[in-house]
Amino acid sequence: MRDLLDWLDDRTGYRALLRGALYERIPGGARWRYIWGSTLVFAMVVQLITGLVLWSAYSANAQGAWESVWFIQNQMMGGWLLRGIHHYMAQVTIVLLVLHLMQVLIDGAYRAPREVNFWFGLILLQLVLALSLTGYLLPWDQKGYWATKVATSIASMTPVVGPSLQQLLVGGTEYGHHTLTRFFVLHAGVLPAGVALLIVGHIYLFRRHGVTVPKDAADKPDGYFWPEQVLKDSVASLIVMATVLGLVLWSGGAHLGAPADPTEPYAAARPDWYFLFLFQWLKYFPAGWEVVGAQVIPGLVLALVAAMPIIGGWKYGHRFNLGVGAALLAGVVMLTWLARAEDAADPAFAEAKAEADAMADRAAELASTAPGIPAAGGLAMLRADPLTQGPKIFEANCAQCHRFNGHDGLGGQPSEPASASDLAGFGSREWLAGLLDPDRVASDEYFGATAHVRGRMVRYVQRGVAGFTPDVQDDLEKVIMAVSAEAALPGQAEQDAAQQAEIVEGRALIASEEINCVRCHTFREMTEGDVGPVLTGWGSRAWMLGMLHDPTDELYYGEDNDRMPSFGVDESLTPAEMGLVVDWLRGDWTTEHTPEP
Amino acid sequence: MTDHVEGEPASDAGEAEGLAPDSDAGEGRRNFLTGASALAVGALATLAPIGAAVAAILDPLRRGDGETDLVLVTRLSAVPEDGTPRKFTVTSDLTDAWATYADAPVGAVYLRRVGEGVRALNVVCPHAGCFVGIAPDGSRFACPCHRSSFDLDGVVNDPSSPSPRDMDALDVEIRNQDEVWVRFQNFLPGREDKTPV
């Protein structure tokens, strides 16, 4: 073995290299205050490892990014932990960088001959921020999408080259596949390569200059990097890792929002916390001054910081630098706090956040429930979801007249009062029982505000049903069961199956002498005068789609239709939209409890 | 290392002597020529890959001709008669890099009745590209990001509003009595002039 290593050393000279790396002399001995650079190297290595493995499961395209990140997060063994570490280590890295920079400032370690290394460090800081910015978009969720839109908009404000710069970053005129491929190559290729090169240069120069020894260490005996300082560095790295793990566990892992949607507002769009100060800063620049706020002033501040090694050589230069550093830090902290405080005091933001979280949860639920994510992607999946899309379509197209549980479907109140029935629970036994209740049929819940209030149905309920004997009332209940069973509501399936006998009885009673629905309505083959909407399949998906398509059809209201538009005939709703609102009204959507087909 | 270049005409002495080992004037001249040739040949060798790379990186600049057609957004009956703005999703055929999509959602507009006609505003904030919302009381448009504020016509209505221009109005045509067609376009944010992306 010894011979083999000797041979290897003879051919490579590895021992001298190792000795150089490990037995670096540290004047005054190993110290805790020297750990910061090493923790950063540790953090970068962690990011490299976790990033490479994330890469192995990530797909950079608009129908694969959110989907593959969802898969990493929810299906891959250890995926949530891997992504959580990558996510939180990125944030801890920024904290460590700021601490490292502060220490360099306080110790005056930027002064000659270390100017170039200070500049290397500043570039590294910017590369790490660029890594965070590009990484934020990669999951292609609402949060990353809208926050990054602001960032590329700022890029477009650059004088002269702005629009071209934005187009190059975005990979075209609009966000799409090439936005992801470009951000990904920056995040996983160009920027890490830059970081690696600069770290090598940074460490080389650091070794060349040695540590900046504090005054009180001058009389202490020298030490070596190995093993004294390495032990301290390792302990510090462990603490960093424990902090990151703590954050991952405390937060339950990195968040994944709903899939990016260019047509859905995302009022909760905020950058990650370390960019919040810039976000807040932009609020103070009136029209025409954005470039000053977003580019000129930050550029000047960076130039000032870069000039610190030179300024530091002047008489009061170091104090000046310390003052600038403290002022910058205080400013950033204050702006961050202001951004947080303004959002915390804004109920609209809290609402937007809750809505965003609800959409994110729903997207996750749909993705994890059969049939799962279609090839067209998570956004297509969400757009085909009755639970979230139905109420929006209802609010936009139905709530001018109808209500859903007294609201517009989304919880709001339209300006005009209700002028048609409340459709919550339409098709259910409860809904029908209300319609057939003499006290309620002419209320605003049903026909109160429609032309039908003077029609035969209201008269039938108020005069006929009101006079039913208890026996007939019992029969009516069976009729309600039978007609409601036509709707085949998923929420009522168990009840319908359990009371099959009553339902069969009810079907016959529809034509009974006392109840006699078929005097006006057609039910299966029974009919006397076909005036009202057909009861065969009443409230079923097909029945409701037909109603939406054309309520003036003879099967429905015919000439008696009040003001209900023919959404299908007019093409004011697409068949898909009609399907979504119908499925939503019928309570027919995918849930985690949906049995597998 | 000593390289020789034969038959080259004499030229000015090189400037890289400081780096080279001790040399007399003639050797210096030869070294300069060798060095210059090495750089030139090396540059020539990398020209093709670098050229191809630059071309590919710049490719997005060729995209987007700025020409957009009117697309059917909705029916007139779906736009509230009382003049309140309502958000509509704009769908259109879309080509995104290698993929084409029929009727894909490409953006959103606020439609609002004004007299007999309809006015269309792009929902994207001209300040920094966020999605402008309607204030809770319905009286104005308010951007949730940097506090841009516009009246219901999309005109900046607050002197401290950071938006450099009004919300982007889009061409609207009413066809066949009740079809609302809109020329959907996005514009560069953060500038006073309305430049199509």
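Numbered from 1 within each chain, the chains take letters A, B, ... in sequence-line order.
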Let's test your reading of the structure: which of [options] forms the most heavy-atom pairs below 4.5 Å with chain B?
{"options": "A:Arg182, A:Arg383, A:Gln280, A:Gln63", "answer": "A:Arg182"}
{"options": "A:Gly176, A:Pro347, A:Ala396", "answer": "A:Ala396"}
{"options": "A:Ala62, A:Gly172, A:Ala268", "answer": "A:Gly172"}
{"options": "A:Lys149, A:Met157, A:Lys392", "answer": "A:Met157"}

Under 4.5 Å from any heavy atom of chain B - which part of [X]:
{"X": "A:Phe349", "answer": "neither"}
{"X": "A:Glu416", "answer": "neither"}
{"X": "A:Asn61", "answer": "side chain"}
{"X": "A:Glu264", "answer": "both"}

- What about the rings of A:Phe285 and B:His146, do their centers lie closer together than 6.0 Å?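 Distance test on ring centres: not under 6.0 Å, no.
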Do [X] and [Y] touch side chain to side chain, with heavy atoms closer than 4.5 Å?
{"X": "A:Pro565", "Y": "B:Arg75", "result": "no"}
{"X": "A:Glu290", "Y": "B:Pro189", "result": "no"}
{"X": "A:Gln142", "Y": "B:Phe131", "result": "no"}
{"X": "A:Val291", "Y": "B:Arg191", "result": "no"}

For [X], is the [atom1] atom crowded, meaning more than 12 foreign heavy atoms sit under 6.0 Å from it?
{"X": "A:Glu351", "atom1": "CD", "result": "no"}
{"X": "A:Arg340", "atom1": "CZ", "result": "no"}
{"X": "A:Gln413", "atom1": "CD", "result": "yes"}
{"X": "A:Lys353", "atom1": "NZ", "result": "no"}

What's the shortest heavy-atom distance between [X] and [Y], and which atoms?
{"X": "B:Ala128", "Y": "A:Ser153", "result": "O-OG, 3.0 Å"}
{"X": "B:Ala99", "Y": "A:His177", "result": "CB-NE2, 3.7 Å"}
{"X": "B:Pro60", "Y": "A:Gln167", "result": "O-NE2, 3.1 Å"}
{"X": "B:Leu58", "Y": "A:Leu168", "result": "CA-CD2, 3.7 Å"}

- Counting distance only, does the side-chain N/O of A:Arg270 pair as donor-acceptor with the main-chain N or O of B:Cys145 below 3.5 Å?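 Between the backbone of B:Cys145 and the side chain of A:Arg270 there is no qualifying donor-acceptor contact (under 3.5 Å).
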Counting only non-hydrogen atoms closer than 4.5 Å, does [X] touch chain A with its backbone (N, CA, C, O), its side chain (CB onward), both, or neither?
{"X": "B:Phe88", "result": "neither"}
{"X": "B:Val132", "result": "neither"}
{"X": "B:Asp82", "result": "side chain"}
{"X": "B:Ile57", "result": "both"}

- Message: For chain A, which candidate among B:Pro105, B:Ala108, B:Gly129 shows the most heavy-atom pairs at distances under 4.5 Å?
- Response: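 Top count of heavy-atom pairs under 4.5 Å with chain A: B:Pro105.
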How long is the span from the [atom1] atom in [X] to the [atom2] atom in [Y], to the nearest 0.5 Å?
{"X": "A:Asn397", "Y": "B:Thr74", "atom1": "CG", "atom2": "OG1", "result": "7.0 Å"}
{"X": "B:Gln185", "Y": "A:Thr173", "atom1": "CD", "atom2": "OG1", "result": "11.0 Å"}
{"X": "A:Gln166", "Y": "B:Leu188", "atom1": "CD", "atom2": "CG", "result": "6.0 Å"}

- Message: One pair to check against side chain to side chain contact (heavy atoms under 4.5 Å, CB included): B:Cys130 and A:Val150. What are the steps and the verdict?
- Response: CA-CA 7 Å; B:Cys130 293; A:Val150 175; 3.5 Å; yes
- Message: Between B:Asp96 and A:Glu174, does the side chain to side chain contact (heavy atoms under 4.5 Å, CB included) criterion hold? Intermediate values first, please.
- Response: CA-CA 8 Å; B:Asp96 176 9; A:Glu174 299 298 334; over 6 Å; no
- Message: Looking at B:Lys87 and A:Glu395, is any side-chain nitrogen of the basic one under 4.0 Å from a carboxylate oxygen of the acidic one?
- Response: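 Looking at A:Glu395 and B:Lys87, the cut-off is not met.
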